[in-house]
2 protein chains.
Amino acid sequence: MARTTGSHSDITGPRVRTAALKLFAQHGFAAVSMRQIAREVGVQAGALYNYTPDKQTLLFDLMNTHMCDLLDARRKNVVPDSPIARLENFTRFHIRFHSQRPEEVFIAYMELRNLAPENFEIIGKLRREYEDELEAILQQGQELGDFAVPDTKIATLAVIAMLTGVNTWFQEGGRLSLDEVEQVYADMVRKAVTA
Amino acid sequence: MARTTGSHSDITGPRVRTAALKLFAQHGFAAVSMRQIAREVGVQAGALYNYTPDKQTLLFDLMNTHMCDLLDARRKNVVPDSPIARLENFTRFHIRFHSQRPEEVFIAYMELRNLAPENFEIIGKLRREYEDELEAILQQGQELGDFAVPDTKIATLAVIAMLTGVNTWFQEGGRLSLDEVEQVYADMVRKAVTA
DNA sequence: GTCTATAGAGCGATAGAC
DNA sequence: GTCTATCGCTCTATAGAC
């Protein structure tokens, strides 16, 4: 818990981020004070400013790290050739990745409006980069005649909204395993876009 | 704009709700102060307490009214017989209703965690009542062999997440008309759940 | 790197005059 | 029903001691 004094830079830094992540996800950015974060970490409020210039930057760093992690993981993913296989691969990747970090995902979707304009633009760009991954798959399938999608942009947003919705109810150890959930969604998504 | 004094109960009441709706949707419940709402209405902060006992109740009233409007509109809706027609009817109803009140929808989805526990329970119940409408359709179609849905509860949540996602990008007067958007989604939803 | 202390501002809600 | 004024509290961020 709380210590009186000392030097703990390498430990405290990650702890500040973890505490902020948890509290922002739980109560929302605007409802969480720097004092609450400090209490969770076990330091005084002033000490937080050794790790972030301000509260806004702390929020941005959490969201930015999350989006970069997402794009990195996607790039490391081995992608199959056929559109149908690529679509299932994307579906499973999205559900698995997002279900593993519910707090980051929740913040990334709920706190966009609390970003300063310049930060909002950066996060928006990263998000569009991710959406383009799916849209490229739908376009390929459309060209090859495997898919029947009148508007790839709308279909992209529809599929991502559906997949991200998993996070609102999925619990590890619940009625369905993660793999079963992936299967159910992979089937629905494939059927929704195939010819 | 601002007046000096007087009696305006019947005008001010709705104006308080409208102002709160707009500001909560724009900045989030926690980030909006009673003084901001009062400024938007054109009264002093203290006057707001003639129309709501506190800020929390103001939020709850907005969300509760929205959910009751939704269920009322659904009840007035004439529902066809066959599962496939009922599903298209639901899809179009959902998109049309929600696209007409983006602020209410945004608040109803984003501010759940800012509800007091007893209020949270009430709104959750109303939401489940609405979800049950769709689940009943999927169950009927499943029994008649029109649909192939391994888990009607999950399919329900998946479809609703997909449909509500329309609100994040749809703009009246944009590239697609509302009716075209309804058609695109009705096709995707039907294909996703049919056998 | 963390502490204590604090500046300067804003908050929700209430009291009492009109 | 609205105003002004205010209570008691919390907020972000900074300054300076250790």
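In what follows, chains are A, B, ... by sequence order, proteins preceding strands, each numbered from 1. Only heavy atoms go into these numbers, but all of them, side chains included; no hydrogens, no water, no symmetry mates. Every value quoted in this text rests on a predicted model; they were computed, and no experiment measured them.
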With hydrophobic residues grouped by side-chain heavy-atom distances under 4.5 Å, do B:Leu23 and B:Leu62 end up in a single group?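 Same hydrophobic cluster.
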Tabulate protein N/O versus nucleotide N/O from nucleotides 5-11 of chain D, keeping only pairs under 3.5 Å, one per line.
| residue | atom | partner | partner atom | Å |
| --- | --- | --- | --- | --- |
| D:dC11 | OP1 | A:Ser33 | OG | 3.0 |

From D:dC3, C:dG1, D:dG1, pick the nucleotide closest to the side chain of B:Ala47?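 Ranking D:dC3, C:dG1, D:dG1 by closest atom to the B:Ala47 side chain puts D:dC3 first.
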Taking the minimum atom-to-atom distance to the side chain of A:Asp54, which one of D:dT2, D:dA13, C:dC3 wins?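 Out of D:dT2, D:dA13, C:dC3, the nucleotide with an atom closest to A:Asp54's side chain is D:dA13.
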Please determine whether a side-chain nitrogen or oxygen atom of [X] lies at a distance below 4.0 Å from atom OP1 or OP2 of [N].
X       : N     : answer
A:Gln44 : C:dT2 : no
B:Tyr49 : D:dG1 : no
A:Thr12 : C:dT2 : yes

Could you give the [atom1]-to-[atom2] distance, from [X] to [N], as a whole number of Å?
X       : N      : atom1 : atom2 : value
B:Tyr51 : C:dA13 : OH    : P     : 17 Å
B:Asn50 : C:dG16 : CG    : P     : 16 Å
B:Ile37 : C:dA13 : CD1   : P     : 10 Å

Taking only residues two or more places apart in sequence or in another chain, which ones pass salt bridge (Lys or Arg N to Asp or Glu O under 4.0 Å) with B:Asp151?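 Here the qualifying residues are A:Arg175.
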Residues A:Arg15 and A:Glu40 bridged, charged N to O under 4.0 Å: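 The answer is no: the pair does not qualify as a salt bridge.
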B:Glu88/B:Arg190 salt bridge by N-O under 4.0 Å criterion: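 Looking at B:Arg190 and B:Glu88, the cut-off is not met.
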What heavy-atom pair brings B:Phe147 and B:Leu138 nearest, and what distance separates the two atoms?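 Nearest pair, atom of B:Phe147 first, then B:Leu138: CD1-O, 3.7 Å.
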Can you confirm whether or not the ring centre of A:Tyr130 sits under 6.0 Å from the ring centre of A:Phe90?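 Ring-ring flag for A:Tyr130/A:Phe90: true, centres closer than 6.0 Å.
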